[in-house]
Amino acid sequence: MKLLLDPDRLFPTDPATRDIARGLYETVAQLPIISPHGHVAPSLLLDDEPFADPADLFITYDHYVTRLLHAAGVDLSTLGVGRSGAVDPREAWRTFASHWHLYAGTASGYWLTHELSTLFDIEVEPSAETADAVYDQIAARLGDPAYRPRALFERFGIAVLATTDDPMDDLAAHAALAADASFTGRVLPTFRPDGYLDPTAPGFTERIERLAESNGTAPDDFAGYLAALEARRAHFIAHGAVSADHGVLEPYTVDLTDDEASVLFRRAVAGDLDAAGAREFSGNMLLRMAGMSARDGLVMTVHPGVFRNHSSSTYDRLGPDTGHDIPVATTYTENIRPLLEKHGLEPRLHLVLFGIDETIYSREVAPLAGFYPSVFIGAPWWFIDAPDAILRFRAAVTETAGFYRGSGFIDDTRAFLSIPARHDMARRVDSAFLARLVREGRVSLAAAERISVDLVDAIPRKTFKL
Amino acid sequence: MKLLLDPDRLFPTDPATRDIARGLYETVAQLPIISPHGHVAPSLLLDDEPFADPADLFITYDHYVTRLLHAAGVDLSTLGVGRSGAVDPREAWRTFASHWHLYAGTASGYWLTHELSTLFDIEVEPSAETADAVYDQIAARLGDPAYRPRALFERFGIAVLATTDDPMDDLAAHAALAADASFTGRVLPTFRPDGYLDPTAPGFTERIERLAESNGTAPDDFAGYLAALEARRAHFIAHGAVSADHGVLEPYTVDLTDDEASVLFRRAVAGDLDAAGAREFSGNMLLRMAGMSARDGLVMTVHPGVFRNHSSSTYDRLGPDTGHDIPVATTYTENIRPLLEKHGLEPRLHLVLFGIDETIYSREVAPLAGFYPSVFIGAPWWFIDAPDAILRFRAAVTETAGFYRGSGFIDDTRAFLSIPARHDMARRVDSAFLARLVREGRVSLAAAERISVDLVDAIPRKTFKL
Amino acid sequence: MKLLLDPDRLFPTDPATRDIARGLYETVAQLPIISPHGHVAPSLLLDDEPFADPADLFITYDHYVTRLLHAAGVDLSTLGVGRSGAVDPREAWRTFASHWHLYAGTASGYWLTHELSTLFDIEVEPSAETADAVYDQIAARLGDPAYRPRALFERFGIAVLATTDDPMDDLAAHAALAADASFTGRVLPTFRPDGYLDPTAPGFTERIERLAESNGTAPDDFAGYLAALEARRAHFIAHGAVSADHGVLEPYTVDLTDDEASVLFRRAVAGDLDAAGAREFSGNMLLRMAGMSARDGLVMTVHPGVFRNHSSSTYDRLGPDTGHDIPVATTYTENIRPLLEKHGLEPRLHLVLFGIDETIYSREVAPLAGFYPSVFIGAPWWFIDAPDAILRFRAAVTETAGFYRGSGFIDDTRAFLSIPARHDMARRVDSAFLARLVREGRVSLAAAERISVDLVDAIPRKTFKL
């Protein structure tokens, strides 16, 4: 079977609406990519090593891909996932290719098709029969200097790429990249302090001890802890960071006095804080991080509502990010209120509220962003970063909050090669959505053209202070 | 840029389906407007004064409009919102006009376009450049007698308009309107007792004292309180009221004995009732109001699920209804059951269940209305009173409950000038929805034509006993 | 008015997409029906008696139909519902026919139209005027041997039909059917043990006593209880059962030791277990049933989230299944985790997670089925087993989990005559969904053709081990 890459893909079915969408898309198709949040390692660009093999490139590190193979009965360790150890990449590729039909209609299948077609000129669908030929065709390109990370970075037209980093990271890779005159891309670190704010996270005390050491204060000194966090944020800002990201199970916030928080902190460091106390402590820290953002200007992004490592036996065997982080119901209105009561009207705060529970879009996030100048609507994320889900998102938020309260598209990916496919998808879907509004007489074509461009340029630049 | 008012707006994109929708719409486009729930002040029609200026007309009192300006960084006090005091209306208008692009794709933008175009013949989009010319063009009309409230009421083809009123209101304005032979419109009061049922509402005790005084009983006499409420309902009915409206955070109901409720009431009036007790008391009162409705025949409407005055600093500065009432998750099935157990099968009870959490439409409201003769499905409301959201609503409820268990369209607006725009929107969207069902072979064209007319006439008349 | 049965019904409105859908549908329209879960009584096929009359056939036993009449004010006892006693079938039919407009746009109206048209050649819509003629035309056919259950079973092309049965059922009807050489259909029992697992179910202790008696152990012997359940499962398997079905209010599971569970069991049998204890016990039993499924291979299906018998006065008067089972919000991620921690990676377990709260599709069920090999996505069910809802379902789950993690269509019906209408509806809607993906360049036509066939054959066969 031929591998399909329709030039009109994702455009509306009605011909007149499709024509409008195609026109809108053409004005933005080639604009630079702004990626203000994602998980590409900076070392990828610093080292600029060739990719090892097709399995390394497309399978092993992409838990969107490996999870569907696992669901089909494939042992993750045969794909090299997590702590699996070395595998035969051609065998892993054969396994993947023979399960290609599982990806029909999925976001992963859509991105993979884009990547195989546009980057490697693959013209047949992966299958048991074509697996080796496709493997060889990809592998043959990987030695080509044009397929090294920096060359691809330029080919992809990436204007800005943000990584996600541990607060104690020295950011040497970022510094080296910035100092390297041969690389002109803008690669920014992102401050991600979850493990330092949540007493229930494994290794919390050890991390706090290292943080305290960096600051020269006692590990259980709450004022020292706050100062150390602020110092690390300053270090990130000095290396170009524009945002701090927060992954939480629920976006609970609570305002505590320094004394109340100190008591909880000392018990947390001592490993002596119960679940309720830990919730109070981390809820208070989320609020305090908004205060720091209001002062130092780092954009605060919140990614709530994911139950991490749902299968503990898989986690124990292979580690995190192995395909079983599962969403839960989320609510913002009451959870985030203490934070907004304290900081929601402060002009420097930019707070981007993401969600993976679609029900919050029309119910909570759009109404909040339609009032608070600090609140921005996070783009669809994870499982709902996909064509139909993006259309649902646009339909859910636009009537309440318009187009100018959103974050712009966020790829949030580890899969470097998928970045252009993802941004192209978003541009096509936004064109499709706008084209419908034009055809329904709700937005003029001229306004739609302006919005199309703003969605990929002015809006993410404003939200993320780029 | 030209201001767009496409005669085919909101119709489906597919040409054949669009033709069907246009035909359905044409049969209902000019039918009278029935508005059984809304927030227009009766004094507007009694006094029949000219509107002051374009800002007064379109901005200051419309918190759908001002909230998006606030989100864009505009100080609400420069728009005259709430307790702001006087502002320069031309400056407020300029601010609004220069932010016109924020409204693209929103329900507010859609209504404003309709109003500017059909009422004031505005042909250019508001913008910094066109602000003054548009302002002048509107202002020039406001002195014209054809732009006074009563003339517009007639021009709009309003058959029935319900206001929303405090139980202690003497309804003198309604009486004067009814007695005024020069005005033939039907303007009905609506009994809205929230502040008299919820012990946590500020000023509860003072209101109860005034209520008791009207009845000549002691403020903490529960039987007297019930009798006073019934007397006020009778007063409303005597002035033409057909419904009682209830805004609650959660639609919790509970059946208590008179003795149990009396104890809670006395503590409530004494200001000595905790949050749990207050929830029990107001949950019981919601159930008792259904009992009164089953006896006196007032239609009972419930609007749950909004966290009012989310930003307390804004509330403290400017007052309520200033753009930060934010929805929360809602559930009816278990909350409303005690009420339905007690009164759900009584023939005089009409209970209209609204929601602003879209998840309840297919899950709870349509199944309840598909069984209980007393339950009617409230139309989309507030943020989800918008074209795409109405289509989602129709798709969510119709397969379970058909077309004949709904309330008919409810504009629920303070913005008098937006009433025709809103009803026209609903008629267009319902035509679009029905046209799709016709094109998909699910409803015959003849049935769709009958339903179209019933949706704007027989259905609201039956639900609201008009 | 003519009764409409458009040959292109449910296909997309856009002509090019419609053509693709029609082509996909034509490849599956005549394929045999696999019905792995439903509520047809085996005696219907064993006895093969003629249907009594049109009311018996279409109204009395279909609570989807009677509930809308009840909502319109019709007394259920005039329709023969539940314990109503005998009614005049022609009068019941007249009542139904004169309310036909209530069904416009509903799933029931769609199925009834299909049945009246394809089985009885009715060409006019039911109405007060046509009621008698339609009644007579149907009644005249019922004496025809071609309208007996077995003849219809063959005409419908049913390959497999599963019933739903009490664990203590001797399955004599199934055995007799299997032994009857004149009937070649495959009719399978399904093990439905809810009443034996939930201590709050009326009659729990009596059922447990009968179960214990079958096993020769004491009623409060927990080990004996488990052994008895396993023996009854084995009895079902010996009679062809492939699945066990579980209806629960919430899909809560919890792992308890045998000792802990024994204590709760003894108190449950003694009628001395509080609500919290009952929740723990039945949550533990749901987990243990998964363990039994992992051992004996019965597919485990879970149907959560319905508040049964919402109107207790209706239940007291007429019994269960009388139209007032109302959905509640559901969540799986944390509730089902203990079960998946213990058995989710066992190769023999097939766990089909249904839902009637649409929010869980993209948020929980698709992500779970996209990782756990044991988890399959249950088809839309009950109120959301309807064209638009099925389209929403496909859009919600496919981007995350593709097409191959679903259960295939489940009719779940008591209404034998509606089975072909329901499966035809599903095939049309799936064709419409796939056609859109083809037209949007997301799935090739060849892949869509393969998926279409797999959805009605390979996928249900694999999920239900047929």
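As the structure is a prediction and not an experimental result, all values here were calculated from the model. Throughout, a chain's letter reflects where its sequence line sits, starting with A, and its residues are numbered from 1.
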Self-check item: Check: Asp411(B)/Thr413(B) side-chain N/O donor and acceptor closer than 3.5 Å
Solution: no
Exercise. Would you check if the side chain of Arg18(B) reaches a backbone N or O of Pro12(B) as a donor-acceptor pair within less than 3.5 Å?
Key: yes
Self-check item: Proximity of His70(B) and His324(B) rings by center, below 6.0 Å
Solution: no
Quiz prompt | Modelled atom types, side-chain donor and acceptor of Glu280(A) and Tyr252(A), under 3.5 Å | solution = yes
Quiz item: Is it the backbone or the side chain of Thr322(B) that comes under 4.5 Å from a heavy atom of chain A, or both, or neither?
Solution: backbone
Quiz item: Less than 4.5 Å apart, any side-chain heavy atom of Val65(B) and any of Phe58(B)?
Solution: no
Practice problem: Side chain from CB out, backbone as N, CA, C, O: work out which of these in Leu340(A) comes under 4.5 Å of a heavy atom of chain B, or both, or neither. | Solution: side chain
Quiz item: Which heavy atom in Pro126(B) sits nearest to a heavy atom in Leu3(B), and how many Å separate them?
Solution: CD-CD1, 4.2 Å
Practice problem: Indicate whether the side chain of Asp424(B) and that of Tyr25(B) have a donor and an acceptor atom separated by less than 3.5 Å. | Solution: yes
Exercise. Tell me yes or no: between the side chains of Glu129(B) and Ser127(B), is some donor less than 3.5 Å from an acceptor?
Key: yes
Practice problem: Return the option, out of Ile356(B), Leu5(B), Asp8(B), Thr314(B), with the maximum number of heavy-atom pairs under 4.5 Å with chain A. | Solution: Thr314(B)
Quiz prompt | Electrostatic pair Arg427(A):Asp430(A) at N-O distance under 4.0 angstrom | solution = no
Quiz item: Who among Ala107(B), Ala329(B), Gly73(B) has the most heavy-atom pairs with chain A under 4.5 Å?
Solution: Ala329(B)
Exercise. Can you label the angle between the Tyr404(A) ring and the His101(B) ring as parallel, tilted or perpendicular, going by 30° and 60°?
Key: perpendicular
Exercise. Under 4.5 Å, heavy atom to heavy atom: which of residues 455-466 of chain A reach chain B? Give them by number, or say none.
Key: none
Quiz prompt | Side-chain donor or acceptor of Arg308(B) paired with backbone N/O of Asp325(B) under 3.5 Å | solution = no
Quiz prompt | Side chain / backbone / both / neither for Ala395(A) at chain B, heavy atoms under 4.5 Å | solution = both
Exercise. Go through Glu341(A), Glu334(A), Arg442(A), Arg337(A) and name the one with the most non-hydrogen pairs under 4.5 angstrom from chain B.
Key: Arg337(A)
Exercise. Count the heavy-atom pairs under 4.5 Å between each of Lys2(B), Glu125(B), Arg67(B) and chain A, then report the option with the highest count.
Key: Arg67(B)
Quiz item: With only heavy atoms counted, which part of Pro15(B) is less than 4.5 Å from chain A, the side chain, the backbone, both or neither?
Solution: both
Practice problem: Pick whichever of Leu4(B), Leu76(B), Asp6(B) has the most heavy-atom pairs under 4.5 Å with chain A. | Solution: Leu4(B)
Practice problem: Please confirm whether His310(B) and Phe371(A) have ring centers closer than 6.0 angstrom. | Solution: no
Quiz item: At a heavy-atom separation under 4.5 Å, does Arg428(B) approach chain A through its side chain, its backbone, both, or neither?
Solution: neither
Quiz item: Does a sphere of radius 6.0 Å around CD in Glu123(B) hold more than 12 heavy atoms from other residues, nucleotides or ligands, not counting ones at 6.0 Å or beyond?
Solution: no
Quiz prompt | chain B contact via Ile451(A) - side chain, backbone, both or neither, heavy atoms under 4.5 Å | solution = side chain
Quiz item: Taking Thr333(A), Asp454(A), Val397(A), Thr359(A) one by one, which has the highest count of heavy-atom pairs under 4.5 Å against chain B?
Solution: Thr333(A)
Exercise. Indicate the atoms forming the closest heavy-atom contact of Leu298(A) with Ser293(A), along with that distance.
Key: O-OG, 2.7 Å
Quiz item: Looking at side-chain heavy atoms only, is the closest gap between Leu345(A) and Ser374(A) below 4.5 Å?
Solution: no
Quiz prompt | Residue, of Thr113(B), Thr106(B), Asp14(B), that accumulates the most heavy atom pairs under 4.5 Å with chain A | solution = Thr106(B)
Practice problem: For chain B, find its close neighbours in residues 380-394 of chain A: heavy-atom separation under 4.5 Å, sorted by number, or none. | Solution: none
Quiz item: Closest heavy-atom contact between Ser108(B) and Tyr64(B)?
Solution: OG-CB, 3.3 Å
Quiz prompt | Which portion of Ala369(A) sits near chain B, non-hydrogen atoms under 4.5 angstrom | solution = backbone
Quiz prompt | Candidate list Glu364(B), Glu250(B), Arg363(B), test side chain to side chain donor-acceptor pair (under 3.5 Å), partner Thr331(B), passing option | solution = Glu364(B)
Exercise. Counting only heavy atoms closer than 4.5 Å, note whether Tyr332(A) contacts chain B via side chain, backbone, both or neither.
Key: neither
